[in-house]
Structures are given as C-alpha cells and as structure tokens.
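Next up is a structure, given as structure tokens.
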Amino acid sequence: MIETTTPKTQAEAQSPESPGAAIELTGVAHSFGDLEALAGVELNVAPGEVVAIVGASGCGKSTLLELIAGLAEPSTGSIAVGGERDAAARLDACAWMPQRDLLLPWRLAVDNAALGLRLAGIGRAEARERAGGMLERLGVGEFARSHPRQLSGGMRQRVAFARTLLTGKPVLLLDEPLAALDAITRAELQELLVETLAAERRTTVLVTHDVEEAFFVADRVLLLSPRPGRVVWSAASPVDRSEPRASAVTAPAFAAVREAALEALAEGRG
Amino acid sequence: MSARQPSLIARWLPPLLLVALLLGLWELAAQTGWIADALSLRDYLVPAPSEIATTLWDNRSLLAENAWVTLREVLLGFAVALVAGVLIAVLLHLSPLMRRASYPFIVASQAIPIVVIAPVLVVWFGFGIGPKVAIVALICFFPIVVNTLDGLGTADEEQRKLMRSLGASRGRTLTLLEAPTALPYLLSGAKIAVAVAVIGAVFGEWSGADAGLGYLIRLDDGNLEVARVFASTVILAAMAVTLFALLALVERRLAWWGAGSPGGGR
C-alpha cells in the first residue's frame with residue numbers, strides 16, 4: 001500500500017487553528033501473548049474527518065482505538081497523530097471515550113464533565129462554568145447538579161461525551177458510545193453526535209457494531225475483518241447531513257451502501 | 001402505605017419482643033433458682049437481670065469512671081490503627097514490591113495471640129495506657145489495612161486508562177479515583193476493627209492495669225461480685241455496639257456510593 005501524506009494534512013497539523021489532527025496508521029499489528037488482535041492495519045484519517053470503524057465483536061476495534069489513543073504501543077507498525085509518533089504525544093492529542101460511561105459516582109454530573117479540565121490545571125469555578133455550558137449544549141444542563149446514579153443511561157452518556165469534548169483535544173476516539181442504550185435514546189444521541197461533530201470539526205474515529213449508525217454519523221466507514229483485524233472494505237457515506245435522520249436513513253443510496261457493507265461483513269465472517 | 005418499607009414499629013418490634021422474652025425467662029429462672037440449682041451454685045452467683053440493672057445504677061459512678069478509662073484506650077488505639085493502617089495501605093498499594101515483601105508480616109501480625117503478647121507489652125511499656133493502646137491498635141490494624149488495600153485496587157483497568165487519557169498523574173489517580181473508591185472499604189474495615197477493639201482493651205487491662213472495665217471485671221471475678229461483672233460486660237457490649245453504629249452512620253454519610261468499581265454499573 002502506498003502511503004499518502006497530503007500537504008494539506010501537514011499544514012493543518014501545524015496550524016494552531018487546526019480543527020483536528022491527521023491520524024496515520026501504517027502496518028499496525030498487535031498481539032496479546034499468543035492472541036493476534038490486529039494484523040497490518042492501514043488507516044489514514046484527514047484532519048476534521050469523521051471515520052467509523054465497523055466489525056464483528058472481538059475483531060480488535062477497541063484495541064485499535066486504545067492504540068491510537070496512546071494507551072499502548074502496537075507490537076509492530078507505526079501510529080502518528082498530528083505527525084507525532086510517540087505514545088505520550090498521542091495521549092495528549094486524543095480524547096478517548098470508552099463504551100462504559102465510567103462516571104465517578106461521588107462527583108456531580110458537572111464535576112464529572114469537568115474532570116479533564118480539572119486535571120489540566122483549570123480552577124474549579126472556571127471548570128464548572130465551562131462544563132455547565134457543555135452539558136447545556138448537550139441537553140443535560142438541568143442535571144448538572146445531579147449525581148450519576150440519578151441519571152438515565154442516555155443522560156450519563158451525554159455527561160461522558162461532555163467530559164470527552166471538554167478536553168479540547170484535536171482528536172476524538174469514541175468506542176461504541178451508544179451501544180448500551182435503547183433504540184429511541186440511541187437515535188436521539190446519534191443526531192446529537194452528528195450535530196456536535198459537525199460543529200466541532202475535530203478528527204473523529206467512531207467504533208460501532210451498528211452499520212446504520214456508522215453511515216449516519218461518519219463521512220467514511222471502514223470494515224475490520226474478524227480477528228486478527230485489518231481493514232477489508234470501505235465506503236464514503238451517502239448521507240446528506242442537512243436532512244433529518246428519518247429521511248436520511250430511508251434514502252435509496254443509504255439502503256444500497258448499508259446492504260453492501262452488511263454483505264462485506266457476512267463475507268468476512270464466512 | 002406500601003408493605004415494602006415496614007414502619008419503625010414493625011421493624012423494631014420483633015427484636016425487642018425477643019429480647020424482652022429472653023430477659024423475662026432469665027429473670028424467672030434466676031429468681032426461682034433454676035439455673036443455680038441446675039449448676040449446683042449458690043443463688044448470688046447467678047444474678048437476675050433486675051439485679052444487674054440495680055447494680056448498674058448503684059455503681060454508676062464507679063462504672064462510669066472505669067468505662068471512661070477503657071473507652072479512651074479503645075479510641076486512642078483505634079485512631080493509631082486508622083492512621084497507621086491507611087498510610088501503610090497506601091504505601092503498599094503504590095509499591096507492589098513492598099506489598100509482596102511485607103504482606104506476610106501483616107497477616108502474621110493478626111496471627112499473634114493477643115493473650116500472649118499483652119503481658120510482654122506491659123513489661124515493655126509499663127502499667128499505663130501505653131500497652132493497652134498498643135494492643136487495641138494491633139487488633140484494629142489488620143482489618144483496616146487489608147480492607148483499604150483491597151479498596152484501593154478495586155477501580156478497574158478501563159477506569160485507570162480513562163484517568164491516564166485525561167492526563168492524570170499517578171498521584172491524581174490516587175486522590176481522584178482510587179481513594180474515593182477505597183473509602184467504603186476502609187470504613188467497613190473500621191467497623192470490624194472497632195467491634196473487636198473493646199476486646200483488645202479488656203485483654204490489655206487484664207495483663208496489668210489499675211483502672212478500666214477489664215480491670216474491674218478481673219477484680220470483681222475474684223471477689224465473686226458476679227452482678228457487677230455482668231454490669232461491666234453490659235457496658236462493654238454497649239460501647240462496642242455504639243461505636244459500630246456511629247461508624248455505620250459515618251459510612252452512610254461519607255461513602256454513600258458503596259463498594260465496587262466506579263462507573264462499572266449498568
């Protein structure tokens with residue numbers, strides 16, 4: 001495979017106004033002991049692009065995100081975020097959101113959202129104000145002073161998303177953020193995700209096992225093969241984001257690309 | 001309203017009735033001399049509950065004085081164990097090497113029979129409050145260290161990764177994630193500790209003391225003041241129950257989120 005580093009990517013990465021940093025994975029393989037999780041993953045994500053990764057459970061999607069996030073180094077291959085290759089720099093550049101909300105039960109929703117800000121050394125008052133504003137924006141402003149156990153799954157996920165966005169990092173890594181929610185809440189949060197990502201223009205990698213969600217939220221959808229995972233199929237999303245969700249997911253083009261993806265998924269399994 | 005939450009009366013009535021019944025039987029058996037006859041004892045060696053109550057009241061200032069001595073030993077010993085226990089638990093949590101090296105000794109500290117070590121401590125530290133505090137601390141130390149250490153290790157791997165991703169240092173992960181996670185564990189260890197602390201104080205006093213309920217019990221035992229032995233015992237039990245209840249209250253107020261890995265619930 002030929003590596004393509006566009007001049008635009010370089011320029012964007014250096015600019016302080018950059019909406020997002022480019023992600024480049026070259027020949028990334030990762031094993032846990034004898035277990036081969038990933039084999040030869042090639043992936044380029046442009047600054048500001050939203051990419052979804054779909055695949056069967058256990059194909060190494062979560063591992064891939066953790067590697068990009070700088071939480072571990074791949075066994076072989078290289079990962080660069082904004083041109084930086086070492087794990088510490090990737091940790092600095094990426095906001096990672098795991099599937100479980102991991103809210104701290106003893107902290108108020110607003111203080112959970114503000115966790116990253118506080119850890120970045122921002123004072124309590126300012127962190128709370130900014131977190132309160134973000135919760136407002138994500139539709140849970142009135143629950144800022146609630147404890148996590150008083151919130152529903154969807155609200156908790158919104159708080160966790162606020163915590164992720166508030167880090168202000170140029171790359172968002174979302175690991176099945178909506179997997180545990182009921183269908184209605186899920187559709188609601190997919191719309192919120194689309195809206196927010198469009199406004200933020202940050203480079204985003206969304207991991208999901210829901211093909212429809214992938215095409216609805218992302219600009220481009222990649223398919224990861226079963227273990228050991230590697231990218232076996234990809235397609236651009238035909239979704240017109242100015243349309244409401246209901247009409248977007250029922251358009252013929254959407255149905256066609258969804259069909260193709262499901263077929264590719266089935267093939268990979270067989 | 002609903003039958004799910006029984007009223008205060010419904011909740012407390014059964015145990016109160018049971019206690020009243022048992023006390024009544026005891027009273028009856030003692031008054032009529034059944035127990036004494038069955039054990040071939042003289043009647044005054046088997047006091048009835050009413051007699052113990054009278055003794056409690058008649059000796060109130062003597063009992064209060066000695067109870068205060070014992071309570072001080074318990075509280076001081078418990079405080080020493082709490083501070084030392086938490087500090088050592090944090091240290092062992094941060095250093096796996098130290099944990100591996102010293103854990104056997106911590107377990108061994110619990111295996112030392114207090115009855116054996118108590119007289120030795122009296123020889124070392126004299127008849128004052130020192131050896132009693134040491135014994136209470138020794139007894140309390142173990143459940144506090146072990147529970148706190150378990151609690152500090154409870155936050156799961158993903159939770160730690162999130163902290164790391166949010167830019168938390170080792171120290172911040174300890175204070176923001178691990179310490180609050182450990183708090184319910186610490187308090188439940190402290191409850192166990194405080195319940196046995198009273199026994200430790202009594203052992204300490206038996207090995208050499210000039211005041212305290214344990215000392216008084218030993219004295220009264222020798223003088224066949226059986227009713228007062230029971231009276232002292234009632235106070236010791238009440239002390240343990242009260243301290244336990246106080247800690248349970250602190251637990252509900254301070255660590256209401258309970259045990260488990262935070263954010264792990266669904």
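Since we're looking at a predicted model, the values are computed, not measured. In what follows, chains are A, B, ... by sequence order, proteins preceding strands, each numbered from 1.
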task = Over all heavy atoms of both residues, which pair between Lys161(B) and Glu66(A) is shortest? Give the atoms and the distance, please.
result = NZ-OE1, 2.6 Å
query = Do you know the tightest heavy-atom contact between Trp106(A) and Leu176(B)?
reply = CZ2-O, 3.4 Å
ask   = Do you know which two heavy atoms are closest between Glu158(B) and Pro98(A), and how far apart they sit?
value = OE2-CB, 3.4 Å
key: Side chain / backbone / both / neither for Ser169(B) at chain A, heavy atoms under 4.5 Å   = neither
task = Identify which of Met97(A), Arg107(A), His147(A) forms the greatest number of heavy-atom pairs closer than 4.5 Å to chain B.
result = His147(A)
inquiry  = Does Leu18(B) have more than 12 heavy atoms from other residues, nucleotides or ligands lying within 6.0 Å of its CG?
reply    = yes
task = Just give me the residue among Leu117(A), Thr167(A), Leu104(A) that pairs up with chain B most often, heavy atom to heavy atom, under 4.5 Å.
result = Leu104(A)
Nearest atoms (heavy-atom pairs only) where Leu71(A) meets Arg164(B) = O-NH2, 2.8 Å
inquiry  = Looking only at heavy atoms and a cut-off of under 4.5 Å, which of Gly116(A), Ala95(A), Pro105(A), Gly70(A) has the most pairs with chain B?
reply    = Pro105(A)
message = Atom CH2 of residue position Trp124(B) - does it have more than 12 heavy atoms of other residues, nucleotides or ligands inside 6.0 Å?
response = no
request  = May I ask you to test the Trp96(A)-Leu166(B) pair for a side-chain heavy-atom distance under 4.5 Å?
outcome  = no
ask   = Checking heavy atoms, do the side chain of Arg90(A), its backbone, both or neither come under 4.5 Å from chain B?
value = neither
task = Side chain from CB out, backbone as N, CA, C, O: work out which of these in Pro148(A) comes under 4.5 Å of a heavy atom of chain B, or both, or neither.
result = neither
